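Each remark here refers to the structure printed beneath this line.
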Amino acid sequence: MATATQELIHNMLDVSYDNFNAVTIRNVKNQIIDLTAVMVSGWEGPGNSALMDLVRQWGGRGEATILVHGDKVPLPHAAMMNSLQG
């Protein structure tokens, strides 16, 4: 018997674009557009510039991009900054 984690992984690997109906696809596209707009407008949020300076000081391998700023930083740092902007 598969564990819940194994079933989730199996479902994620087997799902394709064709498995979703038009309404679901439209809703997801709208959510992506909304999140992108929020991230672009939130880049100057309180404390973000100070944290951005800190991330730049940390340096590291350029694995992912911080949206709006364009800096390539380690993946966890980009995820943190992008989520804060959102």
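Bear in mind that the values here come from a model prediction, so they are computed numbers and not experimental data.
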If you look only at pairs with a residue in residues 4-51, which of them pass as a ring-ring contact (aromatic ring centres under 6.0 Å, His included), with sequence neighbours excluded? Trp43-His69
So do Val73 and Ile66 actually touch side chain to side chain, heavy atoms under 4.5 Å? yes
Please report the interatomic distance CG(Leu51) to CE(Met81), rounded to the nearest 0.5 Å. 5.0 Å
To the nearest 0.5 Å, tell me how far Lys72 NZ sits from His77 NE2. 15.0 Å
Hey, what else clusters with Val23 if you join Ile, Leu, Val, Met, Phe, Trp, Tyr whenever side-chain heavy atoms sit under 4.5 Å? none
Checking one residue: Ile32. Which other hydrophobic residues are in its cluster under the side-chain 4.5 Å linking rule? Val28
Taking only residues two or more places apart in sequence, or in another chain, which ones meet Asp18 in a side chain to side chain donor-acceptor pair (under 3.5 Å)? none
Under the side chain to side chain donor-acceptor pair (under 3.5 Å) test, which residues partner Thr24, sequence neighbours left out? Asn21
Considering only residues two or more places apart or on different chains, which pairs with a residue in residues 44-64 satisfy side chain to side chain donor-acceptor pair (under 3.5 Å)? Arg56-Asp71, Arg61-Glu63
Contacts satisfying side chain to side chain donor-acceptor pair (under 3.5 Å) that involve residues 27-40 (not counting sequence neighbours) are none
Who passes side-chain contact (heavy atoms from CB on, under 4.5 Å) against [X], sequence neighbours left out?
X: Ala50; answer: none
X: Leu8; answer: Met12
X: Thr5; answer: Thr3, Ile9
X: Ala64; answer: Leu75, Ala78

Grab the two heavy atoms, one from Met80 and one from Ser83, that are nearest each other, plus how far apart they are. O-OG, 2.8 Å
Given the rule that I, L, V, M, F, W and Y join up when any side-chain heavy atoms are under 4.5 Å apart, are Leu67 and Leu84 in one cluster? no
Hydrophobic clustering (ILVMFWY, side-chain heavy atoms < 4.5 Å, transitive) - are Leu54 and Met52 grouped together? yes
Main-chain N/O of Ser16 paired with Asn19 side-chain donor or acceptor, under 3.5 Å: yes
